[in-house]
K.L.:
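Sharing a structure, written as structure tokens. Questions coming.
Sequence positions, counted from 1, serve as the residue numbers for this chain. Only this structure's heavy atoms are used, side chains among them; waters, hydrogens and symmetry mates stay out.
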Amino acid sequence: YLEEFGSCCFGHKHYPDLPICVERTVLVWLPLAFLWLCAPWGFTTLCKKPAKAPLSKLYICKQVTRLVFVPRSVDSGSLFMFWLLQVLCAVFQFQTLLRDALNKVLTAALTAPHLPVMLIKGFKRPLVQEDMWDLNEKDSTQTICREFEDIMAKELKKAHSRLQKKQNKRKTKNDHQSGLAKGVSQDVLVMKKKKKKDSESDYPNSWLVPTIAKTFKGVLLETALYKLIQDILAFASPQFLKLMISFTQDKTSHAWTGYLYAVLLLVVAFLQSVILQQYYNRCLILGIKVRVALMAAVYKKALVVSNDSRKESTAGEIVNLISADAQRFNKVTNVLHLLWSYPLQIALAIAFLWIELGPSVLAGLLVMVLMVPINGWLATKSRGFQVENMKFKDTRMKIVNDILNGIKVLKYYAWESSFEAQVQEIREKELKVMRKFAYLSSVSTFIFSCAPAIVSLATFAVFVSVSPDNILDAEKAFTSISLFNILRLPLTMLPELISIMVQTTVSKKRLEKFLSGDDLDTMSVTRDDSHMIILFSVSLDIKPGRLVAVVGAVGSGKTSLISALLGELHSLRGRINIKGSVAYVPQQAWIQNTTLKDNILFGSNLDEEHYLSVVDACALGPDLDLLPGRDQTEIGVKGINLSGGQKQRVSLARAVYSSADVYLLDDPLSAVDSHVGKHLFERVIGPKGLLKDKTRILVTHGISFLPYVDEIIVLVNGVVSEVGSYDGLRASKGAFSEFLETYGKDESNNADGLEPQADDSLEDIVSSTLKRENSLRHSQRHSKRNGRLLFLFLVFSVRVRKNSSVRSKKDSGDKKGQRLIEKEAMETGRVKFSVYLQYMRSMGWCFVTWSFLFYFIQNVAIIGQNLWLSDWTDDSVEYFNTTYPAHIRDMRIGVFGALGLAQGFLVFFGTILIADGSISASRTLHTNLLSNILKAPMVFFDTTPSGRIVNRFAKDIFTVDEMIPMSFRSWIFSILGVLGTLFVICLATPIFIAVVVPMAVVYYFVQRFYVPTSRQLRRLDSVSRSPIYSHFGETISGLSVIRAYGHQQRFLKQNEDTIDQNLKSVYPWFVSNRWLAMRLECLGNLVVFFAALFAVISRDSLNSGLVGLSISYALSMTQILNWLVRMTSELETNIVAVERVREYAEIKNEAPWITSNRPPDDWPTAGNIRFDNYKVRYRPELELILHGITCDIASTEKIGIVGRTGAGKSSLTNCLFRIIEASEGRILIDGIDISTLGLHDLRSRLTIIPQDPVLFSGTLRMNLDPFEKSSDEEIWTVLELAHLKDYVRGLPTGLQHEVSEGGENLSVGQRQLLCLARALLRKSRILILDEATAAVDLETDDLIQNTLRTEFSHCTVLTIAHRLSTILDSSR
């Protein structure tokens, strides 16, 4: 107890205070103890007095009661001391209660207890992520999502049943109509429209809003209560204003009455501020929780969505769901209560106006009613524009994603300008729709800017016209004006509210469609003790521990078979039973942006011994020596800093380490060279490998492995053609037997010559290769005279690897992994003024200047109108008890109305100009960003996660398009409003200037103290949001792998952690906004108080019109000042988007695309290539990867380039295209140094078929010829040469067949053949084949080789290959 007692003493508190236990015991009993101590003295005095009444029972009871409850026996001195002690002791208790209440009301709910500490820290130095508070459990993503998902499941179930009933009803109706249709003509057009309408709602809808409402009903009710109280308090101020004006008119009233009214005005304003900030705080946090719930729900859905549903949404569209659509729900939740609050405010304002002006207010009401249909029309048009805008946004993001995924191919083919033009074309359409939307918003703004003026004009005009006795006095006018000011906000904000609701309706439909999509059928693959796999009505008996090979031609369905086993394909009939866990190695390796070790462990616990054996078996040991941090080296996005073979071996190592029961291996050996392939088969996959006791299904094109497998499945056109052992199939003399006779013999002959025997180790191979290095180099020098077959081995990097590993051990023993992906750069300190200047420059100075001028004149018109009204009210004194002249009345009404209409037109023109300027800025900033990203060197994409770049094109461009123009316009309104208010108050009471100066100083310092923290929190929010998109994109691309391993929960947890990191900076930002708003609203409340106080002091020299004008303006000051702070903060935080876009728009570019030194049009004519002491490194801080290559390649020579995985074969091709620039030396093509040419001049004259076949979203024709330079006949010719003509002819749309994102609706082999067709179409003199046939079967490979021999006989060809048969025709 003593420890507890001590813990609450002085030394343990931030402020001096008595312990709570002392306050509740000692201080309570101390005055009572004093009283009881004095009681005996008083009692003896009482006894000495003569009794005036007999000692009856009743008398005695009365005296005892009096002694206990009313100690009259104590004298007045003792009683005075008692009450004094009581008050002194109660001070401590009262201040504790008061502090707790204030902490709860103004600190806990508004600012958080430790916010001042964070603000001080943020003022002293820029905040970093580590300064952020840990989240409360109730605010974490996991807690928010748990309840949301439970309710979502119930609501979705109801929506599904509603849809089912609707479809059944429709079906019954259609059946009935089809019966009537016999002999009855139907209106085809109506039917088509109806069909279209029905197809739009073929998914469960109207369930998302109820889900959100039920999940957060407690907060929604709480905020509704706060809003109701605040709205009621808002109408108290005009009533006090009315009393204040009557006080100034009645010179006989006491001065203290005026002071009382001034204090009451301050108290009401203060209470209103407290309630309002409570409301805002809860609404903003609710908005964030809704956004988080939706983001997490979309991510979770993406993990389980079926392939059919997934095809309906590209990765770009899904990114838009979590960036734009979830953000819209965040925004709408903040203003949700305004849907009933604004009508309530309008109703209350009209009621109070009726009290002031009687039935005349109906004229104003009629004006508002007439605006309703206009509202409806504007909302409908806005919705149409918004839907169109979102479609363009999705399409643009889809192409941007394509560009980022295939940036290397774009650079190889010099196609950047074509894709840039595509994006710009869509962007122009998007901006065109945005312009229409902005113009519509300008019309809306014009109508609602005129609304308060027209409403007040109609009301006042009718009031003074109805009867000559109705004269507008100050009391009526300014009470009405303050009510009209309250009315102004609902009427002005209604168009924006309608716009937000319209945008959210579109987002709601998009989210509902995605979230209600079909899930993957988990029942299509069951796990039990049966080992029967049923596919296409064919039973396959795969026993545990067997190695089964799946072979077949390109497009025969090998990958589809693996996908079916994983449950990724839609099951028409039958089922698949798999015993135990599954590990999957996809054809194209999926690598995470994490360390190499984490890629292999993939969430499993580390078993060091098992891990090392897996690394050794997968031949990753030598690669670890080469990497700067061995297995702690960070791997870039999509494994960008690993070669194709290394990625595949890491993917295989991940599967092996998982120790699963069944292994599905989709052609993992195609991306590695033959030596490494043999090593992997022997040490991992084969009968003696690590997986010898596991069930393995291996898709392969390598015939040399087939004799060692237990069973072979032959696929032809998606049907199992033959099943059996190698010997059995050969003996059957079927189609497969003929295929083996043709290609097996060639491969085995080739293999005998160069491949080592089965008992040779990988190290022996490397050693033997190194021994032959000198003789090879010697042969290169004399190659022109030497006509015999020779292979160029890139073994120099093997030696480098050996040396570098020795050096690394010598230098720093166990070096920490080098980070490839650096933390995202983040500006610190104030947003530079140059950023604002850049945005205004992008808008155009003409637009900025004129729009500001129009807004300024509009503000002058508002002040003029109110001064005119003040003067108008003086007529009530001048024409007291006389007839009000009609011409003066008409003049008053006319000028008042003209000034009101002028405001509307000025706002309209100002808004139009800002809309045009902001669209110009959006165009300029997006163009600069896109152009610069496309000109960035490959090293930028290697070291930058695509999520960061996508964040620029998605969230930041969205902010530039929609948020900044709104913030900029509102900021101008607010700053002019504040200046106008201060001007009017100072005009009415010049003494107010004395108060303005110190208040301005306080305002400046509070802003100065707050803004650094707010700004940095906003930047932290932007930076911590990028990993959400990166993780999301990474998950989408590796979906099949994550599902195969059953790691959905782990990735869900990782997503929650990433969002939580973002929330750590979002919550403090909101709380800091409330902290500032509360303090600045107090300043605004003081403006009201001093305006009223000085009006009371100067009432003898002021007329009632000026008093009414001054105080009515002051009453709006709190709202305007709060809005100014909010808009200043919002503008500064939103302008960070311009800063971030500018950062990527100023990245150092690669060499110019076109220079003054242009080659001849027919260059290269011969195709001679000369490497002269050529050295290169990936980045300046890394070691050389190519060491002084010198060789000559003559015209039309066919050069075979082979070497171990990671030896630098692909790097050599990158040098020819100047993807990597030379550190030393040069490359000459037909005598021209390629470093002197523009990149497009160089790259457009060379052709490459890259290692990874990359296709883009769009038509087949666009993928082959994006510049549309070739005719259809030429394209059909190259498709025939690429052996794709029959396949494309079989497609319903032929060349216009839509290729899905990443070419997912084509097999890898078909993608590679399309890349071959691209190369054939370019007709270059130099062709580079980088593992071009790794993913195709031997038969197709043979056909391709024949095509290459005939079509490229006049070309210089460099071939990188793992298959020896591929380079047998090489000259060297």
K.L.:
Tabulate below the donor-acceptor pairs under 3.5 Å that side-chain atoms of residues 405-413 make, not counting sequence neighbours, or state none.
P.N.:
unit_1	atom_1	unit_2	atom_2	d
Asn405	OD1	Lys638	NZ	2.1
Asn405	ND2	Asn401	O	3.2
Lys411	NZ	Leu934	O	2.9
Lys411	NZ	Ala936	O	2.9
Lys411	NZ	Glu1150	OE2	2.8
Tyr412	OH	Asn1214	OD1	2.4
Tyr413	OH	Ile1248	O	2.5

K.L.:
With sequence neighbours left out, write down each residue that passes ring pair (Phe, Tyr, Trp, His ring centres under 6.0 Å) with His1240, or none if nothing qualifies.
P.N.:
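So His1240 forms a ring pair (Phe, Tyr, Trp, His ring centres under 6.0 Å) with Trp1153.
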
K.L.:
Working to the nearest 0.5 angstrom, can you tell me the gap between Leu404 CG and Ile933 CD1?
P.N.:
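Leu404 CG to Ile933 CD1: 7.5 Å, rounded to 0.5 Å.
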
K.L.:
Under the salt bridge (Lys or Arg N to Asp or Glu O under 4.0 Å) test, which residues partner Arg1322, sequence neighbours left out?
P.N.:
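For Arg1322, no residue satisfies salt bridge (Lys or Arg N to Asp or Glu O under 4.0 Å) once neighbours in sequence are set aside.
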
K.L.:
How many angstroms lie between atom CD of Glu1146 and atom CG of Asn1149, to the nearest 0.5 angstrom?
P.N.:
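These two atoms lie 11.0 Å from each other.
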
K.L.:
With sequence neighbours excluded, what pairs up with Asp1265 under the salt bridge (Lys or Arg N to Asp or Glu O under 4.0 Å) test?
P.N.:
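Asp1265: salt bridge (Lys or Arg N to Asp or Glu O under 4.0 Å) contacts with Arg1261.
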
K.L.:
How far apart are the closest heavy atoms of Pro586 and Ser651, and which atoms are they?
P.N.:
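Smallest heavy-atom distance, with atoms named: CD-OG, 3.7 Å.
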
K.L.:
Should Leu1260 and Val1299 count as side-chain neighbours, where that means a heavy-atom distance under 4.5 Å?
P.N.:
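Yes, at least one pair of side-chain atoms sits under 4.5 Å.
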
K.L.:
List the residues meeting salt bridge (Lys or Arg N to Asp or Glu O under 4.0 Å) with Arg1289, not counting sequence neighbours, and say none if there are none.
P.N.:
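None.
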
K.L.:
Taking the side chain from Thr1259 and the backbone from Met1262, do they hold a donor-acceptor pair closer than 3.5 Å?
P.N.:
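Judged by distance alone, yes, a pair lies under 3.5 Å.
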
K.L.:
Which of parallel (below 30°), tilted (30 to 60°) and perpendicular (above 60°) describes Phe1171 and Tyr1174?
P.N.:
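Phe1171 vs Tyr1174 ring planes: perpendicular.
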
K.L.:
Pairs in or reaching into residues 1230-1239: which pass salt bridge (Lys or Arg N to Asp or Glu O under 4.0 Å), with residues at least two apart or in two chains?
P.N.:
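Not a single pair qualifies under salt bridge (Lys or Arg N to Asp or Glu O under 4.0 Å).
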
K.L.:
Measuring from atom CE of Met938 to atom CZ of Arg1218, what distance do you get when rounded to the nearest 0.5 angstrom?
P.N.:
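The CZ atom of Arg1218 is 15.5 Å from CE of Met938, to the nearest 0.5 Å.
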
K.L.:
For the side chain of Thr1247 and the backbone of Leu1327, is there at least one donor-acceptor N/O pair under 3.5 Å apart?
P.N.:
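Pair absent, no side-chain N/O of Thr1247 close to backbone of Leu1327.
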
K.L.:
Which pair of heavy atoms, one from Val1176 and one from Cys1215, lies closest together, and at what distance?
P.N.:
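Scanning both residues, the minimum pair turns out to be CG1-SG, 3.8 Å.
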
K.L.:
After noting the C-alpha distance and the side-chain angles of Asn1157 and Thr1236, does the key distance pass the side chain to side chain donor-acceptor pair (under 3.5 Å) rule?
P.N.:
CA-CA 7 Å; Asn1157 181 27; Thr1236 63; 3.1 Å; yes

K.L.:
When rounded to the nearest 0.5 angstrom, what distance separates CG in Leu1279 from CG in Leu1295?
P.N.:
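Answer rounded to 0.5 Å: 6.0 Å.
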
